[in-house]
Amino acid sequence: MSVALKSWRANEGPKHLITMVWIAANVFLFWKTFMVYFSEAQYYYLHKMLGLGLCISRASASVLNFNCSLVLLPMCRSLLTFLRGSQRVTGRRVRRLLDKSKTFHVACGVTICIFSVVHVSAHLVNMVSFSVRYSEDFPGLNVAQYRGQDPRILIISTVPGVTGVLLVLVLFLMFTASSYCIRVSSYEIFWYTHNLFIVFYVILMVHVAGGALKYQSNVETHPPGCVQNNLSSWTNHRAAGEKGTESSGAPQTVCQEEARFQPHFPQTWLWVSAPLCLYCAERFYRFIRSSAAPVTIVSVISHPCSVVELRMLKSGFKPHPGQYILLNCPSVSSFENHPFTLTTCPTGKNQTFGIHLRVLGDWTSRFSQLLLQQSNSSEILPMMQQRRYPTVHVDGPFGSPSEEVFNYEVSLCVAGGIGVTPFACVLQALFDDWRQYKLKRLYFVWVCRDLQSFYWFADLLCGLHERLWRDNRPDYLNVQLYLSNTQGLQSISEERYRFLSSRLRIGRPKWKLIFQEIGRANQLKRVGVFCCGPKGISKALHTLCNSNPHTETAFEYNKESFS
């Protein structure tokens with residue numbers, strides 16, 4: 001059980017610690033701001049007019065400011081890649097935390113949506129209060145022009161009201177289009193609506209400059225609740241003060257001057273400016289880097305099961321195994337950038353790099369048509385295409401969890417279908433020179449529905465197996481192939497793929513038995529588990545990594561995902 005606790009602490013501990021700190025910061029900001037507007041003297045008259053609506057609206061605004069500044073940081077891909085590559089600066093635990101950047105981005109986005117609802121609801125109550133509790137004594141506090149003015153008029157006639165409606169609309173579009181079903185079925189809708197964040201931040205800067213809520217600037221000379229001191233009513237106020245003294249036992253303070261009110265300097269600008277400038281600078285740097293010169297497409301290979309392999313060449317491009325790139329083809333869409341894991345990295349002998357893309361959505365369909373205009377759709381075997389290719393720009397490379405495969409002595413890589421791409425580059429790097437890495441043993445499990453899918457990297461797997469046998473390391477690589485489609489008897493019949501045929505099993509993997517086998521063979525070691533595949537496989541592996549009390553082996557879970 002201590003080993004299982006050790007695995008859980010390694011997999012979940014840092015993540016939960018950061019989550020707790022983030023939640024505590026949100027709670028602290030909400031409560032502190034709530035109490036400031038509830039009890040501070042400078043908001044006395046404004047609180048008397050608006051009540052709890054003021055406190056809740058401002059407290060939720062503080063939470064929104066905090067998360068609007070954080071939500072941009074996980075999307076600074078180049079910065080995260082730099083931190084991941086600086087192994088002297090960041091340890092493995094920190095690098096594994098960087099893998100959760102997308103999850104943190106989503107958490108901040110959901111928090112923004114939730115507290116936007118709270119903020120809007122509180123301000124709707126405030127608009128009613130501005131109308132019903134119109135102040136004759138302190139006209140500087142009023143937003144309404146007269147008592148009983150329609151609150152809907154206040155919304156559409158003020159800068160905070162109009163910009164608030166626009167912010168809600170933009171946020172609603174971004175939130176709904178970010179759902180999993182829309183991302184999978186129509187990535188273009190997600191891409192274009194998510195880039196509305198630029199419009200969101202521009203409107204947000206205008207929204208906070210409206211100055212609808214004001215604080216009292218002369219609390220020293222006009223204490224809240226003091227008696228007005230003027231010649232025409234001095235006697236009455238004095239009499240009222242004496243009466244108040246007799247009843248309450250405390251004399252009432254006399255005002256030295258009229259209360260003055262003014263809006264705050266927009267706090268959102270202080271929160272958002274630095275992260276926004278950092279993100280914009282990074283995007284500008286990435287734009288210059290990717291558009292400086294398009295890549296040279298060396299070859300295009302059509303593989304079985306609607307998979308296309310693209311080999312490219314770019315000067316100065318030096319990625320590491322496990323990293324990914326963003327691909328842009330102006331002939332398909334000038335603005336869309338799609339992530340693809342590198343399956344081949346440049347080496348001393350070959351400077352080309354490559355990706356494997358599966359034709360699933362509209363973008364990949366149009367892109368593959370441009371690449372394979374002269375191809376024969378009935379062709380099954382790989383086929384080289386020699387023709388004029390479309391212009392392609394590459395942004396990256398960017399870091400991913402798969403880079404950590406080499407930083408363990410023992411690693412387990414689990415792939416589902418096209419999810420094998422992050423590990424193809426790892427296998428290629430081992431084929432080039434496995435001795436230069438810390439990795440001493442690699443378990444590779446690949447699950448596919450179609451037998452033809454195994455041909456994507458059949459030559460690479462067989463070549464690596466032969467290389468390790470020649471180097472007298474037959475136990476270095478353990479390959480297990482699973483064909484989940486059990487209908488009909490299928491096998492890899494080619495003689496040159498006899499190694500893969502002997503490793504092919506029909507059905508689904510029994511993950512618990514696999515973990516027990518790895519644990520018995522690697523006592524007292526730390527095993528890195530890497531997964532890129534369906535959610536069912538990922539969930540099963542994650543559970544086993546956190547609750548594996550049967551061996552003396554600790555399993556650290558790493559997930560690769562672009563969905």
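Predicted model, so just to flag it, every value in this text is computed and none were measured. Values reported hereafter were calculated over all heavy atoms of this structure, with side chains retained and with hydrogens, waters and symmetry mates removed.
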Of all the heavy-atom pairs spanning Trp363 and Leu327, show the shortest one and how long it is. CZ2-O, 4.0 Å

Whether Tyr324 side chain and Pro422 backbone form a donor-acceptor pair below 3.5 Å: no

So, using side chain to side chain contact (heavy atoms under 4.5 Å, CB included) as the criterion, who are the partners of Leu80 when residues are at least two apart? Leu98, Ser101

Who pairs with Ser78 by side chain to side chain contact (heavy atoms under 4.5 Å, CB included), at least two apart in sequence or on another chain? Glu282, Tyr285, Arg286, Arg289, Phe398

Set of ring pair (Phe, Tyr, Trp, His ring centres under 6.0 Å) partners for Phe200, sequence neighbours left out: none

Closest approach of Tyr437 and Pro321, non-hydrogen atoms and distance? OH-CG, 4.5 Å

Scan for salt bridge (charged side-chain N to carboxylate O under 4.0 Å, His left out) pairs involving residues 323-341, sequence neighbours excluded, and state none if there are none. none

Is Glu404 salt-bridged to Arg96, going by a charged N under 4.0 Å from an acidic O? no

Listed partners of Asn337 passing side chain to side chain contact (heavy atoms under 4.5 Å, CB included), at least two apart: Trp191, Leu326, Asn328

Can you check whether His303 reaches Val308 side chain to side chain, under 4.5 Å on heavy atoms? no

Side chain proximity check, Leu73 to Phe104, heavy atoms < 4.5 angstrom: no

The test is side chain to side chain contact (heavy atoms under 4.5 Å, CB included); show your working for Leu167 and Ser116 and say whether it passes. CA-CA 9 Å; Leu167 286 173; Ser116 292; over 6 Å; no

Sequence neighbours excluded, the answer for ring pair (Phe, Tyr, Trp, His ring centres under 6.0 Å) partners of Phe190 is Tyr187, His194

Using modelled atom types only, decide if a donor and an acceptor are shared between the side chain of Thr193 and the backbone of Met174 within a distance under 3.5 Å. no

Qualifying salt bridge (charged side-chain N to carboxylate O under 4.0 Å, His left out) pairs with a residue from residues 454-470, counting only residues at least two apart or across chains: Asp459-Arg496, Arg467-Asp471

Can you sort out the partners of Trp469 under ring pair (Phe, Tyr, Trp, His ring centres under 6.0 Å), two or more places apart, ordered by chain and number? His465

If the condition is side-chain hydrogen bond (donor to acceptor under 3.5 Å, both in side chains), which residues does Lys15 pass it with, not counting sequence neighbours? Glu12

Checking Lys314 now: which residues fulfil side chain to side chain contact (heavy atoms under 4.5 Å, CB included) with it, not counting sequence neighbours? Val295, Phe317, Phe353

Atom pair OH (Tyr482) and CD1 (Ile506), whose distance is rounded to the nearest 0.5 Å: 11.5 Å

Please find the pair of heavy atoms, one from His393 and one from Ser290, that lie closest to each other, and give the distance. ND1-O, 3.3 Å

What residues, two or more places apart in sequence or in another chain, satisfy ring pair (Phe, Tyr, Trp, His ring centres under 6.0 Å) together with Tyr497? Tyr455

With no hydrogens and no angle check, just 3.5 Å: does a side-chain donor-acceptor pair link Tyr557 and Ser538? yes

Got a donor-acceptor contact below 3.5 angstrom from the Thr344 side chain to the Gly354 backbone? no

What residues form a salt bridge (charged side-chain N to carboxylate O under 4.0 Å, His left out) with Arg498, not counting sequence neighbours? Glu495

